[in-house]
Amino acid sequence: MSETATTPAKADRTNLSIDPQRLWDSLMETARFGGTAKGGICRLTLSDDDRKVRDWFKRACEAIGCTVTVDDCGNMFARRPGKRTDLPPICMGSHLDTQPTGGKFDGVLGVLGALEVLRTLHATGYETNAPLEIVNWTNEEGSRFAPAMLASGVFAGAFTREFAYSRRDRDGKAFEAELTRIGYKGSEPVGQRKIGAMFELHIEQGPILEAEGKTIGVVTGVQGMRWYEVTVAGQAAHTGATPMHLRKNALLGASRMVEQIHAIAIKHSPDAVGTVGLMEVRPNSRNVVPGEVFFCVDFRHPDEAVLEAMEQEFRAALNATIEPLGLTYEEKRIWDSPAVRFDAEMIGCVRGGAEKAGYATRDMVSGAGHDAAYIARVAPTTMIFVPCAGGVSHNESESTSFDECGSGAQVLLEAVLAYDRRFG
């Protein structure tokens with residue numbers, strides 16, 4: 001591509017501006033796919049609504065001349081050529097899947113903000129040195145197929161493709177079968193594509209930026225995360241005919257573990273968090289003593305040594321809590337995402353881009369997991385945060401303002417162009 005007649009031949013490269021209205025309209029348009037009555041989105045990975053938003057994204061990228069490629073884990077790559085064909089692309093992106101009661105911005109802003117960057121470059125005829133790519137990573141949320149960040153993890157070598165294909169949802173449907181069903185099992189082998197760098201724009205998912213009145217979070221890394229699955233087994237029995245002292249109540253054991261998990265996180269405060277967010281009680285009948293309970297545990301901390309201590313305390317608590325109640329249990333760690341430090345030069349590009357655009361910044365470590373954490377294993381990577389109201393995310397009421405979305409996309413544009421200049 002070359003500069004158009006409407007753009008000066010030596011245009012100030014820092015004088016480009018994204019169109020915040022166009023970005024906002026795209027956010028609202030794609031929110032229709034899986035939109036909920038309460039204004040959120042339920043767009044689970046590899047669902048029919050996921051297919052619809054993928055189709056929309058593909059059409060939007062092709063409309064500005066991008067070539068869209070899909071790998072065999074469903075990751076989508078929309079490429080805009082650069083002046084140099086010898087360089088791997090500078091990537092931008094995030095994910096289009098949501099939580100069952102998700103909002104309009106988590107993940108989606110990163111993909112559509114990147115689309116707005118390319119639309120701006122296309123409209124002005126601006127030509128970068130390196131190719132640029134938008135990436136939509138598959139199954140970032142992990143709400144349907146655990147663990148989270150599954151396909152970016154395969155791309156980066158953290159998981160095997162076979163592991164991803166074997167993941168099943170709570171209805172027993174396999175990842176590979178659903179990927180094929182919606183038509184997004186591509187032909188390119190996952191991980192084969194080279195990436196020169198990746199920027200990920202995202203809402204903060206926490207309250208810090210809003211509380212401090214800052215517009216842009218300069219993300220220096222991601223804290224470590226570990227997920228576990230636990231099944232507690234007792235004996236289902238009639239609630240009226242089984243005396244209390246003879247019961248083997250699996251829910252009693254699981255409930256006491258919820259309190260233990262909370263206590264472990266409090267012990268390692270203020271940076272530690274521990275959560276039980278999913279629990280299934282069987283047979284789940286009002287007049288049957290629960291015979292089995294399945295639950296998940298989520299531990300997070302920026303320090304791997306502390307995270308390891310939390311794991312050991314959790315396992316000790318299982319032994320001390322479950323067995324005295326006459327119950328048995330099975331426990332396994334299903335995900336371990338170590339703490340990540342992002343690339344210093346890219347962090348500098350984000351900080352400089354925010355300063356150029358006139359936005360107040362704050363350095364921060366991400367408390368949530370993101371695809372960028374895995375991609376950092378194979379390419380220089382960083383993230384850009386914008387505020388979300390009340391720090392609320394993974395919720396239908398999740399809200400980020402028109403101006404905040406536009407600010408994030410503008411900083412993304414500035415940071416990508418700054419990084420690209422090193423190749424000129």
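Computation of the quantities below employed the complete heavy-atom set of this structure, encompassing side-chain atoms and omitting hydrogens, waters and symmetry-equivalent molecules. This structure is a prediction, so every number in the text was calculated from the model and none was measured.
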>> Between H95 and D97, is the side chain to side chain donor-acceptor pair (under 3.5 Å) condition met? List the steps.
In response: CA-CA 6 Å; H95 60 97; D97 66 316; 2.9 Å; yes
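- No side-chain heavy atom of V297 sits under 4.5 Å from any side-chain heavy atom of T275.
- Applying side-chain contact (heavy atoms from CB on, under 4.5 Å) to I384 and the options V218, L201, T361 leaves one that passes, L201.
- Looking at S152 and D371, their side chains do bring a donor and an acceptor atom within 3.5 Å of each other.
- Using a 4.5 Å heavy-atom threshold, the side chains of F294 and M279 count as separate.
- Side chain of R32 to backbone of M28: no donor-acceptor contact under 3.5 angstrom is found.
- A salt bridge is defined here as a Lys NZ or Arg NE, NH1 or NH2 lying under 4.0 Å from an Asp or Glu carboxylate O, and R84 with D86 meets this definition.
- No more than 12 heavy-atom neighbours from other residues, nucleotides or ligands sit within 6.0 angstrom of CZ on R341.
- A donor-acceptor pair is defined here as one N or O able to donate and one able to accept, closer than 3.5 Å; such a pair exists between the side chain of S47 and the backbone of L44.
- Residues P20 and G406 approach most closely at CB-CA, 4.2 Å, considering heavy atoms.
- Summarising the geometry of L209 relative to V386, their closest heavy-atom pair is CD1-C, 3.7 Å, with the distance given to 0.1 Å.
- With sequence neighbours left out, the salt bridge (Lys or Arg N to Asp or Glu O under 4.0 Å) criterion links E280 to R170, R282.
- A distance-only check finds a donor-acceptor pair linking the side chain of N139 to the backbone of P147 [under 3.5 Å].
- Residues passing the side-chain contact (heavy atoms from CB on, under 4.5 Å) test with K52, sequence neighbours excluded: F33, D49.
- Classification of R351 and D363 as a salt-bridged pair holds, one side-chain N sitting under 4.0 Å from a carboxylate O.
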>> salt bridge (charged side-chain N to carboxylate O under 4.0 Å, His left out) for K104 and E396? Distances and angles first, verdict last.
In response: CA-CA 8 Å; K104 296 185 180 76; E396 290 165 294; over 6 Å; no
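- The shortest distance between side-chain heavy atoms of T400 and P387 does not fall below 4.5 Å.
- Distance check, rounded to the nearest 0.5 Å: OG1 of T124 to CZ of R119 gives 14.0 Å.
- In terms of modelled atom types and a separation under 3.5 Å, the side chain of T36 and the main chain of G40 share a donor-acceptor contact.
- Residues M364 and E204 are in side-chain contact: their nearest non-hydrogen atoms beyond the backbone lie under 4.5 Å apart.
- D25 pairs by the side-chain contact (heavy atoms from CB on, under 4.5 Å) definition with Q21, not counting sequence neighbours.
- When all heavy atoms are compared, the tightest approach of V340 to A376 is CG1-CB, 3.7 Å.
- Under a cut-off of 6.0 angstrom, the local environment of CD in E355 is sparse, with at most 12 non-hydrogen atoms contributed by other residues, nucleotides or ligands.
- The shortest side-chain heavy-atom distance between S17 and Q410 falls under the 4.5 Å cut-off.
- Residue D48 is tested with R181, R43, R54 for a salt bridge (Lys or Arg N to Asp or Glu O under 4.0 Å); the sole match is R181.
- Across G353 and E414, no two heavy atoms sit closer than the pair CA-CB, 3.6 Å.
- Cation-pi check for R193 over F77 is met; the charged atom lies under 6.0 angstrom from the ring centroid and within 45 degrees of its normal.
- Inspection of the D106 and Q205 side chains reveals an N or O donor paired with an N or O acceptor under 3.5 Å.
- Classification of the F175-Y165 ring pair by plane angle, with boundaries at 30° and 60°, yields parallel.
- Between W137 and F155, the two ring planes are perpendicular [angle over 60°; tilted spans 30° to 60°].
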>> Before you tell me yes or no, could you show the steps for T69 and E188 under side chain to side chain donor-acceptor pair (under 3.5 Å), namely the whole-Å CA-CA distance, both residues' side-chain angles and the distance that decides it to 0.1 Å?
In response: CA-CA 8 Å; T69 304; E188 179 176 288; 4.9 Å; no
>> Pair S393, E398 - check side chain to side chain donor-acceptor pair (under 3.5 Å), show working.
In response: CA-CA 5 Å; S393 183; E398 173 185 282; 2.8 Å; yes
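- Ring geometry for Y228 versus F299: interplanar angle over 60°, hence perpendicular rather than tilted (30 to 60°).
- A donor-acceptor pair is defined here as one N or O able to donate and one able to accept, closer than 3.5 Å; no such pair exists between the side chain of E292 and the backbone of A233.
- Judged purely by atom type and a 3.5 angstrom limit, S407 has no side-chain atom pairing as donor or acceptor with the backbone of C405.
- Under the 4.5 Å side-chain criterion, counting only non-hydrogen atoms from C-beta, T45 is not in contact with E141.
- The side-chain heavy atoms of R79 and L132, taken from C-beta on, include no pair separated by under 4.5 Å.
- F423 meets the ring pair (Phe, Tyr, Trp, His ring centres under 6.0 Å) test with no other residue; sequence neighbours excluded.
- When side chains are defined from C-beta on, E330 does not count as touching V230, because their heavy atoms never get closer than 4.5 Å.
- At most 12 heavy atoms of other shown residues, nucleotides or ligands fall within 6.0 angstrom of atom CD in E259.
- Salt bridge annotation for E304-R226: present, with a cationic side-chain nitrogen under 4.0 angstrom from a carboxylate oxygen.
- A distance-only check finds no donor-acceptor pair linking the side chain of R315 to the backbone of Q312 [under 3.5 Å].
- Under the 4.0 Å criterion applied to side-chain N and carboxylate O atoms, E133 and R80 are not assigned as salt-bridge partners.
- Taking every heavy atom of both residues into account, P207 and G390 meet most closely at CB-O, 4.2 Å.
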Which pairs of donor and acceptor atoms, one on a side chain in residues 57-65, lie under 3.5 Å apart (sequence neighbours left out)?
unit_1, atom_1, unit_2, atom_2, d
K58, NZ, E62, OE2, 2.7

> Can R144 and E178 be said to form a salt bridge (charged side-chain N to carboxylate O under 4.0 Å, His left out), step by step?
Replying inline: CA-CA 11 Å; R144 184 180 182 192; E178 288 294 275; 2.9 Å; yes
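- Counting only N and O atoms by type, the side chains of N395 and S397 include a donor and acceptor under 3.5 Å apart.
- Proximity of a side-chain donor or acceptor of E200 to a complementary backbone N or O of F385 within less than 3.5 Å is not detected.
- A pairwise comparison of heavy atoms in M149 and H370 identifies CE-O, 3.3 Å as the closest pair.
- Between the side chain of D343 and the main chain of T381, no donor-acceptor pair closer than 3.5 Å is present.
- The aromatic ring centroids of F159 and Y374 lie less than 6.0 Å from each other.
- T128 places no side-chain N or O within 3.5 Å of a backbone atom of G82 that could act as its donor or acceptor partner.
- Under the ring pair (Phe, Tyr, Trp, His ring centres under 6.0 Å) criterion, F342 pairs with no residue, sequence neighbours left out.
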>> Please evaluate residues L27 and V108 with respect to the criterion side chain to side chain contact (heavy atoms under 4.5 Å, CB included), reporting the C-alpha separation (whole Å), side-chain torsions for both, the decisive distance (0.1 Å), and the verdict.
In response: CA-CA 7 Å; L27 287 164; V108 185; 4.0 Å; yes
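- Each of D50, D72, T138, D55 was evaluated against Y184; a single residue qualifies, D55, per the side-chain hydrogen bond (donor to acceptor under 3.5 Å, both in side chains) test.
- Ion pair R422/E345 flagged as a salt bridge, since at least one NZ, NE, NH1 or NH2 atom sits closer than 4.0 Å to an Asp/Glu carboxylate oxygen.
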